[in-house]
Enquirer: 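Questions regarding the structure given below will be posed in turn.
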Amino acid sequence: LAHRKVVPALFHLWVGNLLPERFALVCFGRRPFSDQEIRTALRASLDKHARITPVDEERWATFAARITYHQGGFDEPAAYTSLSTKLAAIDTESGTDGNRLYYLATPASSFPEIVRSLGAAGLDHETADGGWRRIVIEKPFGRDLDTAVKLNREVGKVFRESQVYRIDHYLGKETVRNILIFRFGNLIFEPIWHRRYIDHIQITVAETIGVEGRGAFYEETGALRDILQNHLLQLLTLVAMEPPATLDAEALRDEKVKVLRAVRLLSTDTVDEHVVRGQYSAGNVQGQAVNGYNQETGVNPNSSTETFVALRTEIANWRWAGVPFYIRTGKRLASREGYIEINFHPTPHAIFQAPAGGVNKLVIHLQPKDGLELHLFAEGQHKRIKTGNQTSTNLSSVHLDLDFDKRFGSERVGAYERLLLDVLDGRLNLFVRSDEQEEAWRWVEPILQHWATDTQGPRHYAAGTWGPSASSAMIARDGFCWSEEN
Ligand code: BG6
């Protein structure tokens with residue numbers, strides 16, 4: 001994570017002059033590295049993972065000069081005492097003002113001991129002259145409700161909630177941040193953002209990649225914990241929340257928690273009706289033959305871990321009563337796509353002939369392209385068809401297209417960069433509060449429980465398809481189809 005995401009993001013911020021001139025990066029780890037060795041290793045990672053290449057060598061030299069390495073075990077008190085001394089020395093020598101951001105880019109199993117050790121060494125203490133201490137915690141944040149509650153309790157013993165930044169990188173994606181702006185910074189959508197106009201909503205995060213050598217990790221995780229519990233439920237809350245009174249982090253997160261509490265909770269005996277779990281078998285993804293999940297390194301050949309989940313839910317409140325939400329994610333699917341599709345009702349009285357199956361929809365694309373598409377009907381082709389002895393207008397589906405890359409191009413910054421800037425600026429809005437995290441776990445808990453005892457296991461789908469046919473059947477029961485089947 002440090003090599004792929006965090007350090008490249010910091011470097012881009014540095015290149016864009018968005019980091020303070022006086023900053024230092026201290027890498028903490030178990031392995032013995034000299035300062036020079038860690039710089040060389042991080043430089044090599046930039047070649048692979050930097051968003052902007054080639055790497056600007058001049059800027060790298062100034063950035064690298066600020067990187068040092070501190071060796072120590074995560075549970076080794078002496079390592080934290082010496083870290084404290086080192087940080088104090090850096091403050092004095094480099095004039096770094098005493099603000100500290102601790103980023104836990106570590107295995108989740110180490111989070112509690114790191115937090116405890118930071119506390120024991122007094123590294124959580126903010127200073128009287130305003131030096132802040134903030135901690136960024138990555139996912140997985142627990143593996144079920146019980147472990148998430150325990151972890152929150154451990155973190156809470158050392159850090160105040162306002163110092164804790166639980167990061168979900170989906171909240172840093174440009175179009176995801178913009179959901180709030182589209183909805184609450186413009187007048188036109190909000191009056192129709194309602195069950196009276198909206199028919200159903202689809203949220204999809206489809207990946208073509210498999211488990212990328214992380215078989216052992218994925219065996220313990222699965223798609224529900226890896227993506228649905230966090231990224232997808234976060235997208236759902238942003239789409240469904242009520243307008244907050246202010247942009248204040250608490251006001252915003254209060255509204256998100258209310259949505260999570262209103263998402264209809266499944267019981268263990270209704271899971272099979274509303275949730276489809278799948279696992280990819282060997283197939284062909286975009287022209288390349290790939291192995292099945294249970295042939296991946298580190299995976300049990302009889303594994304029942306899901307690599308795909310699709311589910312139907314509703315939100316039990318006035319705004320959304322009766323509007324189905326269909327959510328899905330999967331690995332080794334036909335194409336990489338992330339989108340939220342808001343489907344509107346058909347017109348109440350049709351005087352034009354709309355294309356079969358056509359409705360107005362707003363599509364928020366998260367990736368690979370990001371932007372906004374508003375699908376409307378228009379008569380552009382001047383084509384008329386005969387109906388009996390009359391002619392009638394034949395409509396075409398067209399869309400208004402806001403492409404973020406074309407519109408904002410080089411001004412844009414990546415998701416991790418945005419979120420790191422938020423941490424540095426002390427903006428908690430788009431970080432997950434402890435109760436929000438727990439509500440999301442509470443919601444997935446019956447599914448986890450049901451699957452833990454269910455002997456049926458996941459349904460298999462060939463890599464390179466859109467998942468098990470049961471996923472299409474689930475949405476078809478309500479008379480709809482997934483976007484790509486349209
Ligand atoms: C991570 C998951 O949180 O998100 C990965 O652990 C997944 O399994 C990744 O591949 C997807 O992120 P993105 O930004 O590429 O959609």
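Ligands are counted one by one from 1 in listed order, and the atoms in each one are counted from 1 as well.
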Enquirer: Just going by heavy-atom distances, which of Lys331, His169, His231 is nearest to atom 13 (P) of ligand 1?
Expert: His169
Enquirer: Is the contact between Arg336 and ligand 1 made by the side chain, the backbone, both, or neither, using heavy atoms and a 4.0 Å cut-off?
Expert: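 Only the side chain of Arg336 comes within reach of ligand 1.
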Enquirer: Can you tell which part of Tyr218 has a heavy atom less than 4.0 Å from ligand 1: side chain, backbone, both or neither?
Expert: neither
Enquirer: Could you find the nearest protein heavy atom to atom 14 (O) of ligand 1 and give me its residue, atom name and distance?
Expert: Lys173 NZ, 2.6 Å
Enquirer: Main chain of Val259, side chain of Trp320: is a donor-acceptor contact present, judged purely on distance under 3.5 Å?
Expert: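 Pair absent, no side-chain N/O of Trp320 close to backbone of Val259.
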Enquirer: Which salt bridge (Lys or Arg N to Asp or Glu O under 4.0 Å) pairs, counting each pair once, include a residue from residues 273-291, with sequence neighbours left out?
Expert: Arg277-Asp454
Enquirer: Which one holds for Ile209 and ligand 1: side chain close, backbone close, both close, or neither close, with close meaning a heavy atom under 4.0 Å?
Expert: side chain
Enquirer: What atoms in ligand 1 come closer than 4.0 Å to a heavy atom of Lys139?
Expert: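 With Lys139 as reference, the close atoms of ligand 1 come out as 1 (C), 2 (C), 3 (O), 6 (O).
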Enquirer: Has Glu57 got more than 12 heavy atoms of other residues, nucleotides or ligands less than 6.0 Å from its CD?
Expert: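 Counting neighbours around CD of Glu57, more than 12 heavy atoms of other residues, nucleotides or ligands fall under 6.0 Å, so yes.
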Enquirer: Judged by atom type as modelled, is there a donor-acceptor pair below 3.5 Å linking the side chain of Thr307 to the main-chain atoms of Tyr280?
Expert: yes
Enquirer: Of all the non-hydrogen atoms in the protein, which one sits nearest to atom 11 (C) of ligand 1, and at what distance?
Expert: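 Going atom by atom, the protein heavy atom closest to atom 11 (C) of ligand 1 ends up being Glu207 OE2, 3.4 Å.
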Enquirer: With a sphere of 6.0 Å drawn around CG of Leu18, does it hold more than 12 non-hydrogen atoms of other residues, nucleotides or ligands?
Expert: yes
Enquirer: May I have all residue pairs that pass side chain to side chain donor-acceptor pair (under 3.5 Å) and include part of residues 102-115, sequence neighbours excluded?
Expert: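 Found Tyr103-Glu138.
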Enquirer: Just to be sure I read this right, does ligand 1 sit under 4.0 Å from the backbone of Glu212, its side chain, both, or neither, counting only heavy atoms?
Expert: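 The answer is neither.
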Enquirer: Test Tyr326 against every option in Asn343, Asp478, Ile201 by the side chain to side chain contact (heavy atoms under 4.5 Å, CB included) rule and name the one that passes.
Expert: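 That would be Asp478; it is the only one of Asn343, Asp478, Ile201 passing the side chain to side chain contact (heavy atoms under 4.5 Å, CB included) with Tyr326.
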Enquirer: Name the closest protein heavy atom to atom 16 (O) of ligand 1, giving the residue it belongs to and the distance to 0.1 Å.
Expert: Tyr170 OH, 2.5 Å
Enquirer: Among all protein heavy atoms, pick the one closest to atom 6 (O) of ligand 1 and tell me residue, atom and distance.
Expert: Asp226 OD1, 2.6 Å
